[in-house]
Amino acid sequence: MSVRERYDALVDAGSIERDGAQLLAVDRLDHLASILPDVMVASKSGALGWLFNKSSSAPPPRGLYIYGDVGRGKTMLMDLFYSALAVPRKRRVHFHAFMADVHERIHSVRQAVKRGDSQAEDPISPVARALADEARVLCFDEFSVTDIADAMVLGRLFERLFGHGVVVVATSNVPPSELYKDGLQRQNVMPFIALLNQRMNVIELAARTDFRLEKLQERPSYYVPLDARTAREMDEVWARLSSGIELPRRLAVSGRELSAPRTALGSARFTFSDICEKPLGPSDYLAVARTFHTLVIDGIPRMNFEHRNPAKRFITLIDAIYDHGTKLIASAEAEPFQLFYGEVGNEAFEFRRTASRLIEMRSTSYLSRPHETRGGAFVPIET
Ligand SMILES: Nc1ncnc2c1ncn2[C@@H]1O[C@H](COP(=O)(O)OP(=O)(O)O)[C@@H](O)[C@H]1O
Ligand SMILES: [Mg+2]
């Protein structure tokens with residue numbers, strides 16, 4: 001199915017509305033998805049690249065850089081493109097996670113050189129070669145340059161990736177010319193920006209509205225009590241948020257994996273028992289908060305001192321997501337201030353902060369807050 005067919009199917013299913021600006025982007029993505037399989041066959045050798053590969057005459061097509069405000073459907077369109085793309089070696093990754101991976105690989109090359117296992121060379125070259133070998137098409141969600149360490153390697157890295165014929169599709173909140181706008185030593189990033197403009201077509205996705213905010217505001221975000229009607233409403237909210245595109249995901253958290261069985265478009269849905277009654281800790285909650293802009297939690301029970309472990313985890317989770325502006329949709333046995341009963345223990349006291357945050361998180365001003373992913377994202381070990 002083409003990107004357009006997938007988009008139309010979502011419209012027909014009533015999951016999304018038809019949007020003119022999105023359709024223009026869909027066309028561009030479709031064009032790319034239709035030509036890439038042949039191009040990629042023509043230039044099979046990722047290691048040599050089209051520059052050196054005499055059998056492929058034409059350079060690879062330009063990628064696509066889609067920028068626009070939040071909630072315009074950038075991630076959704078990129079996911080549709082990615083699933084429509086019939087190229088086996090493709091990779092879709094959050095840009096922060098990609099850069100974390102790049103720095104790790106550079107580090108291992110340096111270590112190998114130090115040990116004498118490998119010849120001294122610019123570590124970026126072998127890293128770019130390996131990346132290009134693994135994926136001929138790279139899809140980056142939330143392309144941004146926030147870090148001087150990234151700024152220092154991006155130009156050389158992308159020059160080599162493009163040299164190997166890698167095609168890049170990216171979403172971002174800003175056009176290339178505004179990347180790393182007030183960053184330190186910005187002049188070092190200018191050649192990289194020029195390179196992006198040269199190797200990618202840049203389009204703005206000016207969709208009608210912030211669909212995410214609209215969806216969050218059209219219904220309540222906190223459902224009480226836990227009955228069949230609430231369950232139905234939670235399913236409806238999830239169906240609206242996920243637009244019917246649901247995937248399991250695994251997040252890498254300090255050397256372990258945290259599984260998020262139900263995710264879609266940057267949202268994740270967990271049951272209270274999966275997220276608060278399992279042995280998870282602050283680093284897991286931090287990863288969840290950074291990775292997902294919206295969290296859906298089913299079945300928050302009333303708790304007292306007997307349930308202090310899940311209660312403690314719940315407090316930590318809410319603090320983490322509150323700090324990151326992650327939106328919460330929840331079903332619970334009771335209203336926030338009635339969730340914790342009994343006066344015993346530190347939790348009773350701390351829970352008051354949690355309850356007040358739960359209430360604030362329903363407000364329009366909280367729902368309009370941007371999602372903070374600073375400090376890196378933990379996104380995917382891809383599935
Ligand atoms: N045309 C549309 N009609 C209705 N909802 C949409 C449409 N496009 C996107 N959405 C919804 O808006 C939300 C935000 O989309 P997303 O792709 O995450 O935006 P962005 O990446 O631009 O911030 C998602 O829940 C998505 O399902
Ligand atoms: Mg997005």
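When a ligand or atom number is given, it counts from 1 through the structure's own listing order.
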What residue and heavy atom of the protein are closest to atom 23 (O) of ligand 1, and at what distance?
Gly71 N, 2.7 Å
I want to know if ligand 1 touches Asp19 in the polar sense, i.e. an N/O pair below 3.5 angstrom.
no
Does a side-chain N-to-carboxylate-O contact under 4.0 Å join Glu350 and Lys312?
no
Checking side-chain polar atoms at under 3.5 Å, does Tyr180 have a donor or acceptor matched by the opposite partner on Thr146?
no
In terms of relative ring orientation, are Phe95 and Phe140 parallel, tilted or perpendicular, with 30° and 60° separating the classes?
perpendicular
Just distances here: any N/O of Ser15 and N/O of ligand 1 closer than 3.5 Å?
no
What atoms of ligand 1 come closer than 4.0 angstrom to any heavy atom of Ser243?
26 (C), 27 (O)
Less than 6.0 angstrom from the centroid, inside 45 degrees of the normal: does Arg357 satisfy that with respect to the ring of Tyr322?
yes
Please determine if Arg290 and Glu372 form a salt bridge, counting it only when a charged side-chain N lies under 4.0 Å from a carboxylate O.
no
Is Arg129 salt-bridged to Glu134, cutoff N-O under 4.0 Å?
no
Closest non-hydrogen atom pair, Phe314 against Phe351
CD2-CZ, 3.7 Å
Under 4.0 Å from one or more heavy atoms of Val70, ligand 1 contributes atoms 23 (O)
Heavy atom of the protein closest to atom 21 (O) of ligand 1 (residue, atom name, distance)
Thr75 OG1, 2.8 Å
Could you work out, for atom 9 (C) of ligand 1, the closest of Glu214, Arg212, Lys215, Met76 by heavy-atom distance?
Met76
Looking at Leu226, is its backbone amide N or carbonyl O close enough to the side chain of Thr230 to form a donor-acceptor pair, meaning the two atoms are under 3.5 Å apart?
no
Test side chain to side chain contact (heavy atoms under 4.5 Å, CB included) applied to Met361 and Ile321, step by step
CA-CA 10 Å; Met361 289 167 92; Ile321 67 175; 3.6 Å; yes
Examine Leu241 against ligand 1 and note whether any of their N/O atoms are separated by less than 3.5 Å.
yes
Is it true that Asp319 and Thr316 share a donor-acceptor pair across their side chains at a distance under 3.5 Å?
no
Side chain, backbone, both or neither: the part of Gln22 lying under 4.0 Å from ligand 1 by heavy atom
side chain
So is Gly266 in contact with ligand 1, going by heavy-atom distances below 4.0 Å?
no
Quick one: which of Gly73, Ala207, Gly68 has a heavy atom closest to atom 16 (P) of ligand 1?
Gly73
Below 2.8 Å, any N, O or S contact between Thr75 and the Mg ion (ligand 2)?
yes
For ligand 1, which atoms sit closer than 4.0 Å to a heavy atom of Arg72?
19 (O), 20 (P), 22 (O)
Nearest non-hydrogen protein atom to atom 12 (O) of ligand 1, with distance, is Phe211 CB, 3.1 Å
Return the residue, atom name and 0.1 Å-rounded distance of the protein heavy atom closest to atom 3 (N) of ligand 1.
Glu17 N, 2.9 Å
